[in-house]
K.L.:
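If you scroll down you'll find the structure; I have some questions about it.
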Amino acid sequence: PLPIFEDQVVSDATGSQINACQYNSTGEYILTGGVDRTVRLWNPETRFCIKTYEAHGWEVLDLAVSPENGKFASCGGDKTVFLWDVLSGMTIRRFSGHTQRVNAVDFNDEGTVLASGSYDATIRLWDCRAPIQILEEPKDSVTSIKIHGSDLLAGCVDGTIRMYDIRNGALITDQIFEPITSVSFSKDGNCVLASSLDDTVRLMDRANGGLLNAYKGHTNSKYKIRSCLSNSDAYVLSGSEDGKIYIWDLIEGEVVHQIEAHSKIVSAIVYHPTEDKMCSASVDGSIKTWASRPAS
C-alpha cells in the first residue's frame, strides 16, 4: 500500500516557503525548516507545533536528525551548521568555515560525525566537537549529502555524484552531466537515487555506477527538489515543480501515481521510517502527511 491519501494538513499554505522536512527515527515527529529562518518540531497527528528553534540568520536549507533523536543539525544561508539539543531548544555547537550558503547536512550512523555541503564547492566533515576534514573535489555547489555506513554520498551542480569512503579517503565519481539536486541511498545500501535538472530521477548501481533505471514525467528543471525511496525500496517518489508528488514503480519505471499535493512546487518529500506514510512540504508554506488509507 502506498501513502497516496492526504492524512493531515500539518500546516496550511499561509506560512513561508519550506525547504526541508525530516521525520525523527521513530516517525513520531517531523522537523521542518525554511525561509523564515526557523526550524519547527511538529506532532503530525495533532498538527501541533511543539517547539520553534531560532538561531539562523538566513533561510534554513536542510535538516538531519541524529540516530538517537536527541539532537538535530540544520544549515542554511548564513554559511553555518548548527547542532541543536531537541529538548532544550539550545544550540550545542555552531560550525563555521564554509564561505557560502550550506545546502546539505547529514549525520553518520553513530551520530558522532556531521557532513555538510555548500555552494562554496566544498564538503566539510565535523566531529560533533570539532572540524575533521575538508573535501574540495566538487567543482560547483554541493546540493545534497547522505551518509550510509562509512560512505558519504554527495550530489553537485557540476553534474557529478561523488562517493567518499570516509575511513580511507577513497573517492568514486559518476557523471550525470546535469545539475544534481538530491541524492539518497536505497535502504539496502546497494543503489543510489539521484534527481537532476533535466526532469529525471536516476537509479544507479552503487558498486559500479551503472544506470539501473530513469524516471520521468515530473517537472524539475529549475529548483532543488528532493526524491526518496519507499521503505521497501519498491517505489521511487519525488516532488515536482507542478505541485504534484510523483510515484514510480522502481523496476518498471512507470508512473503509478500522480498526487495533486500542493498549490506550488513540492520542494521536500520524506518517507516514514517504519510505516507506509510520507510527509511533503512546499514553497507555498504548507506541510502535509500522507497515508495508505483514506483519513477516517
Side-chain angles (χ1 to χ4, degrees), residues 19-20 22 56 58 60-67 71-83 92-186 189-197 202 204-209 224 226-227:
N19 294 323
Q22 285 291 345
H56 279 283
W58 293 74
V60 178
L61 295 171
D62 200 18
L63 298 165
V65 183
S66 68
K71 299 188 288 288
F72 72 89
S74 61
C75 64
D78 53 13
K79 311 175 194 174
T80 309
V81 178
F82 289 90
L83 181 66
I92 302 167
R93 288 298 305 268
R94 299 184 181 204
F95 299 110
S96 47
H98 283 296
T99 59
Q100 299 283 344
R101 70 170 186 260
V102 186
N103 298 316
V105 66
D106 198 23
F107 282 97
N108 68 342
D109 294 345
E110 294 74 41
T112 55
V113 173
L114 270 172
S116 57
S118 167
Y119 190 77
D120 68 13
T122 70
I123 298 161
R124 291 175 188 249
L125 293 175
W126 316 87
D127 182 303
C128 285
R129 295 175 296 279
I132 304 173
Q133 194 177 358
I134 304 172
L135 307 171
E136 300 187 77
E137 288 79 11
K139 305 290 188 286
D140 206 328
S141 179
V142 180
T143 55
S144 183
I145 277 184
K146 285 287 177 285
I147 302 178
H148 187 282
S150 64
D151 286 333
L152 186 157
L153 178 67
C156 181
V157 171
D158 67 12
T160 303
I161 297 171
R162 291 176 176 84
M163 182 101 68
Y164 296 88
D165 187 323
I166 50 183
R167 288 172 308 190
N168 60 25
L171 170 62
I172 301 166
T173 60
D174 290 307
Q175 297 286 344
I176 301 275
F177 302 108
E178 296 287 345
I180 296 161
T181 63
S182 172
V183 290
S184 57
F185 287 104
S186 58
N190 293 329
C191 301
V192 167
L193 193 70
S195 299
S196 51
L197 292 183
R202 290 172 176 83
M204 322 277 288
D205 188 308
R206 177 180 175 180
N208 61 25
K224 175 173 176 173
R226 297 169 197 249
S227 57

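These numbers come from the heavy atoms of this one structure, side chains and all, not from hydrogens, waters or symmetry mates.
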K.L.:
For Val81 and Trp126, which heavy atoms make the closest approach, and how far apart are they?
P.N.:
CG2-NE1, 4.3 Å
K.L.:
Can you tell me how far CG of Leu152 sits from CG of Asp106, rounded to the nearest 0.5 angstrom?
P.N.:
8.0 Å
K.L.:
Where do Leu114 and Ala73 come nearest, in terms of heavy atoms and distance?
P.N.:
CD2-CB, 3.6 Å
K.L.:
Once you round to the nearest 0.5 Å, how far does CG of Asn103 lie from SG of Cys75?
P.N.:
7.0 Å
K.L.:
Can you list everything that forms a salt bridge (Lys or Arg N to Asp or Glu O under 4.0 Å) with Arg226? Sequence neighbours excluded, please.
P.N.:
Asp62
K.L.:
Could you report the tightest heavy-atom contact between Ala115 and Leu125, atom names first, then the distance?
P.N.:
CB-CD2, 3.6 Å
K.L.:
What closest approach, in Å, do Ser144 and Ala104 show between heavy atoms, and which atom pair accounts for it?
P.N.:
CA-CB, 3.5 Å
K.L.:
Testing the basics here: between Ile145 and Val183, what is the closest heavy-atom pair and its distance to 0.1 Å?
P.N.:
N-CG2, 4.3 Å
K.L.:
Can you check side chain to side chain contact (heavy atoms under 4.5 Å, CB included) on Ile176 and Met204, steps first, answer last?
P.N.:
CA-CA 10 Å; Ile176 301 275; Met204 322 277 288; 4.0 Å; yes
K.L.:
Taking atom CG of Asn108 and atom SG of Cys128, what is their separation to the nearest 0.5 Å?
P.N.:
7.0 Å
K.L.:
Under the side chain to side chain contact (heavy atoms under 4.5 Å, CB included) criterion, do Val102 and Leu61 qualify, and how do the steps go?
P.N.:
CA-CA 7 Å; Val102 186; Leu61 295 171; over 6 Å; no
K.L.:
Locate the shortest heavy-atom distance separating Cys156 from Ser141; write the atom from each residue and the value.
P.N.:
SG-O, 3.2 Å
K.L.:
Please verify the inter-ring angle class for Phe82 with His56; under 30° counts as parallel, over 60° as perpendicular, anything in between as tilted.
P.N.:
perpendicular
K.L.:
More than 12 foreign heavy atoms under 6.0 Å from NZ of Lys79: is that the case here?
P.N.:
no
K.L.:
Which distance, rounded to the nearest 0.5 Å, do you find between the NE2 of His148 and the OG of Ser186?
P.N.:
7.0 Å
K.L.:
How long is the gap from OH on Tyr164 to CD1 on Ile123, to the nearest 0.5 Å?
P.N.:
4.0 Å
K.L.:
Look up atom CE in Met163 and atom CG in Leu171, then write down how far apart they are to the nearest 0.5 Å.
P.N.:
10.0 Å
K.L.:
Does Phe107 form a side chain to side chain contact (heavy atoms under 4.5 Å, CB included) with Val113? I'd like the steps, not just the answer.
P.N.:
CA-CA 6 Å; Phe107 282 97; Val113 173; over 6 Å; no
K.L.:
Is there a side chain to side chain contact (heavy atoms under 4.5 Å, CB included) between Leu197 and Thr181 once you walk through the steps?
P.N.:
CA-CA 7 Å; Leu197 292 183; Thr181 63; 3.5 Å; yes
K.L.:
Applying side chain to side chain donor-acceptor pair (under 3.5 Å) to Ser118 and Arg124, what does each step give before you reach the verdict?
P.N.:
CA-CA 9 Å; Ser118 167; Arg124 291 175 188 249; over 6 Å; no
K.L.:
Test of understanding: with ring pair (Phe, Tyr, Trp, His ring centres under 6.0 Å), list the residues that count as partners of Tyr119, not counting sequence neighbours.
P.N.:
none
K.L.:
So, the side chain of Thr122 versus the backbone of Ile134: is there a donor-acceptor pair under 3.5 Å, distance only?
P.N.:
no
